[in-house]
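The structure presented is a predicted model; accordingly, all values stated were derived computationally and were not measured. Remember, it's 1-based here, ligands and their atoms both numbered in the order they're listed. Each residue takes its place number in the sequence, starting with 1.
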Amino acid sequence: MKNIRLTVDPSVEVSHINREIYGHFSEHLGRCIYNGIYVGEDSSVPNTKGVRNDIIEALKKIRIPVLRWPGGCFADEYHWKDGIGPKESRKKMVNTNWGGVVEDNSFGTHEFMDLCEELGCEPYVAGNLGSGTIAEMSEWVEYMTFDGISPMAELRRQNGREKPWKLKYFGIGNENWGCGGNMRPEYYSDLYKRYQCFCKDFSGSRLYKVACGPSGGDTHWTRVLLENVKPQHTKGISLHHYTIPTGDWNSKGSATEFSDEVYYSTISQTLTMDGIIRSHIAVMDELDPKNEIALIVDEWGIWADVEEGTNPGFLYQQNTMRDAIVAAINLNIFNQYSRRVAMANIAQMVNVLQAVILTEGEKMILTPTYHVFDMFKEHQDAELVRSVCEDFVQEGARMISSSVSKKDGCLLATVSNASLDEDVELEIDLGGFEAAKAEGTILTGEVRAHNTFDVPEAVKPAECAVELRDGRAYVKLPACSVVSVRFAGK
Ligand code: AHR
């Protein structure tokens, strides 16, 4: 048993935690959209406008704040006009990035924007800079947001939507250093400025434009981009960084059957997010000293080998307690850097990579990662307060991650213990915060434990005891656990 102290200073508010840090990502990839979120209106699975009701309910529960779509790599080959109008006449295309399957475009702009309205979340649309034209991108914005008389607004009305939707977040290209066109940052930033120039603010909306930022620790891309692209051109730059369990893209390792050694390697890999964010923030602080451009981590999560017998292009993987620890570590990191990190989107929401939801026919399960989003949701739109936590190292990786925030007179502390064999007795020094009561929730289990369609609640949160004594709280974190404690003020 290790004794660890978390010291909180609730009087020091460090930064605002945008609720968008708890965002999600859905791509036309494998069974994320089709046979995942979207089953079609004629499906026997209960649905609203073709979207599964059980998924809608689950996402509302975790208060999904923002949803990114339609990709990913798919975004730079997506032509939005193929996905509007009567479904039977929508163009069929090949999804070249993901399995070469037929994309029938039955889920398009209307279906996505209506889904976001239903969920009460912000849509985050990724435009096609890689293979689309400026006119096409500009018209898409007009179609979605213009309330007056114009060709695109008329077309939208003909397709059944009188009023424009509310659209704030708009990405201009995706991974343009890779699948989005293999560009150099010099070339991309020139193109970015040109494309963004024709994406107008219509009818009172104000676009929050996001430029394609770096992959992992590529600070050269960040530097060149920010030397060319200024706050008048963009509100954010993206960052993509995945956790590869073995650290080897050619043999990433199974999502459920991994050795302890690979587990600790996964923790080391995921902790690199901290240094990566810090390195980009250093460049941003230098080139954008007024902090006018945000870092948007719009793809993150574990990327393991696909489940045996599934299409390699569909990126379907299971989700264990290891994923829960990884989610907690990353969300705590994003909270800690929330002065620059304004949004993060886990890849991906349903049936792809580190999914929060898995489906099979009529069945749906919530993964351990889902439960972490639920336990952390009170951080949304809270103020990060100063806190320092003791830690220990195993197999070269730090075992404890934490963050503490303040909202509506309450404090929320979220802490994870990644160790596989060390239990922790956590003492939280509340720094003068007078707690009337404390509610603890714990997610724990064997590191390979996961929910299946036959046993859907093998891993689920439970209440945990929190003892309040002399301005301190005491809570146990068993090996491989995530704990959240909400303190209500007197
Ligand atoms: O999330 C899967 C893929 O990973 C996305 O399409 C792409 O942007 C990234 O390389």
Sequence neighbours excluded, every pair satisfying disulfide bond (SG atoms under 2.5 Å apart) that has a member inside residues 27-85: Cys73-Cys179

Parallel, tilted or perpendicular, as decided by the 30° and 60° cut-offs, for the rings of His24 and Phe373: tilted

salt_bridge(Asp218, Arg223) N-O dist < 4.0 Å: no

Residue list, side-chain contact (heavy atoms from CB on, under 4.5 Å) with Ala418, at least two apart or on another chain: Tyr263, Ile267, Ile325, Met399

is_close_aromatic(Trp165, Phe112), centroid dist under 6.0 Å: no

With sequence neighbours excluded, residues passing side-chain hydrogen bond (donor to acceptor under 3.5 Å, both in side chains) with Ser401: Asn332, Ser416

Within the 4.0 Å heavy-atom sphere of ligand 1, strictly under, residues: Phe25, Glu27, Leu29, Gly72, Cys73, Trp98, Asn174, Glu175, His240, Tyr242, Glu299, Trp303, Gln348, Leu353

